[in-house]
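Below is one structure, written out as structure tokens, with a few remarks after it.
Ligands are counted one by one from 1 in listed order, and the atoms in each one are counted from 1 as well. Note: hydrogens, waters and symmetry copies are ignored here, and every other heavy atom, side chains too, is used. In this text the structure is predicted, and so the values were computed from the model without any measurement.
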Amino acid sequence: MTPAILPTTIGRFAPSPTGPLHLGSLVTALGSYLLTRQGGGRWLLRIEDLDTPRVIPGVADDMLRTLETLGFQWDGEVLWQSRRSEAYAAALDRLLQSGVAYPCGCSRAEITRIATAPHPGDEGQVYPGLCREGLAPGKSARSVRVRVADEPICFQDGLMGPVCQDLAATVGDFVVKRADGLFAYHLAVVVDDAASGVNQVIRGSDLLSSTPRQIYLQRLLGYPEPDYFHFPLVTDPDGAKLSKRDNAVSLASSRNLEREGHLLLFDSLRFLGQNPPLFLRDACCVEILSWAVEHFSLAAVPRVQGPFLHHS
Ligand code: GLU
């Protein structure tokens with residue numbers, strides 16, 4: 001019998017250049033790098049500069065420099081979402097052609113006025129479906145939405161366990177092309193992951209509730225579903241969401257990074273529940289990473305968020 005050939009693991013790190021790399025993104029980059037490399041996989045880098053009004057000039061280059069300084073090596077060319085409009089337009093076209101996507105003329109204010117729920121959920125106000133059966137007379141298209149199905153979307157997260165979400169009850173038909181003409185994040189992510197053959201998505205657990213929408217789009221577009229691992233978020237010492245100031249490592253901006261980047265990596269490993277030997281604290285970034293690829297234990301990664309402790 002011929003042995004089955006296992007597909008290569010393809011992971012990625014996909015930061016948005018809307019602010020400098022912070023401790024939370026460093027931890028995600030590290031977790032994704034280690035798990036992918038441990039499986040002998042390819043690790044890709046994608047700059048999610050799709051939301052142009054929020055992109056800060058120079059930050060993307062800063063991110064690349066930072067990752068390089070910290071010893072991360074990615075495979076192939078960096079993918080820039082701002083150059084991928086044609087691919088997103090083609091996917092959107094397929095959704096429109098099949099009738100699962102439709103133009104929507106509602107403004108946010110209208111949705112809030114009409115929505116029945118007194119308090120919006122975590123995902124904001126559930127879209128009440130006003131334009132589902134066509135634009136009301138006198139209305140013109142602003143955005144494009146995808147019609148959701150009335151059944152839960154479930155998946156097994158490699159870290160957080162089983163997750164199910166009823167899209168109709170929690171988000172409703174969601175936007176795939178925004179009123180400002182930009183493609184929505186959910187569409188871009190699934191198109192890019194599929195185009196790059198990404199089969200392992202590792203990212204922060206703040207995106208856990210976005211995943212069912214993305215899986216739904218993958219199903220509609222006939223893309224394979226990657227394995228998901230949502231990693232714990234970094235909080236401030238009191239367990240609250242990090243402020244910009246606490247969070248910004250602004251890793252590339254300082255020469256410190258060259259001197260002290262290895263300490264950040266060491267402490268990030270500890271945040272991820274790993275137990276690097278003390279002597280490694282004085283090693284260079286590349287050595288720390290290669291130790292970590294060899295010894296990384298997914299089972300040791302905490303399932304809950306927590307503060308980033310600087311031991312070094
Ligand atoms: N660009 C997103 C962020 O920086 C991550 C998207 C993803 O990993 O799917 O939070």
| request: Could you pull out, from Arg203, His230, Glu48, the option with a heavy atom nearest to atom 6 (C) of ligand 1? | output: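 Shortest heavy-atom distance from atom 6 (C) of ligand 1: Glu48.
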What part of [X], side chain from CB on, backbone N/CA/C/O, both or neither, has a heavy atom under 4.0 Å from ligand 1?
{"X": "Tyr185", "answer": "side chain"}
{"X": "Ser16", "answer": "both"}
{"X": "Val201", "answer": "neither"}

| query | In terms of ring plane angle, is the pair Phe155 and Tyr228 parallel, tilted or perpendicular, where the classes change at 30° and 60°? | reply |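 It falls in the perpendicular class, over 60°.
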| Parallel, tilted or perpendicular for His186 and Phe174, by the 30°/60° rule? |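 The rings of His186 and Phe174 stand perpendicular, inter-plane angle above 60°.
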| field | Any pair counted as disulfide bond (SG atoms under 2.5 Å apart), so long as it reaches residues 173-221, sequence neighbours left out | value |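 Not a single pair qualifies under disulfide bond (SG atoms under 2.5 Å apart).
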| field | Where ligand 1 meets Leu207 - atom numbers and elements under 4.0 angstrom, heavy-atom basis | value |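 Result: 5 (C), 6 (C), 7 (C).
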| request: Please say whether Arg12 places an N or O atom under 3.5 Å from an N or O atom belonging to ligand 1. | output: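 Yes, Arg12 has an N/O under 3.5 Å of an N/O on ligand 1.
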| Has ligand 1 got any nitrogen or oxygen that is less than 3.5 angstrom from a nitrogen or oxygen of Pro15? |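 In this structure, Pro15 places no N or O atom under 3.5 Å from an N or O of ligand 1.
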| query | Per the side-chain contact (heavy atoms from CB on, under 4.5 Å) rule, which among Leu26, Val27, Leu30 passes with Phe271? | reply |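 Among the candidates, only Val27 passes.
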| field | Arg270/Asp267 ion pair, N-O < 4.0 Å | value |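 No, no charged N to carboxylate O under 4.0 Å.
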| request: Mind checking side chain to side chain donor-acceptor pair (under 3.5 Å) for Arg94 and listing every partner two or more places apart, or none if nothing turns up? | output: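 Testing Arg94 for side chain to side chain donor-acceptor pair (under 3.5 Å), a comparison that skips the adjacent residues, returns none.
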| Which residue and heavy atom of the protein sit nearest atom 5 (C) of ligand 1, plus the separation |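 For atom 5 (C) of ligand 1, the nearest protein heavy atom comes out as Ala14 O, 3.3 Å.
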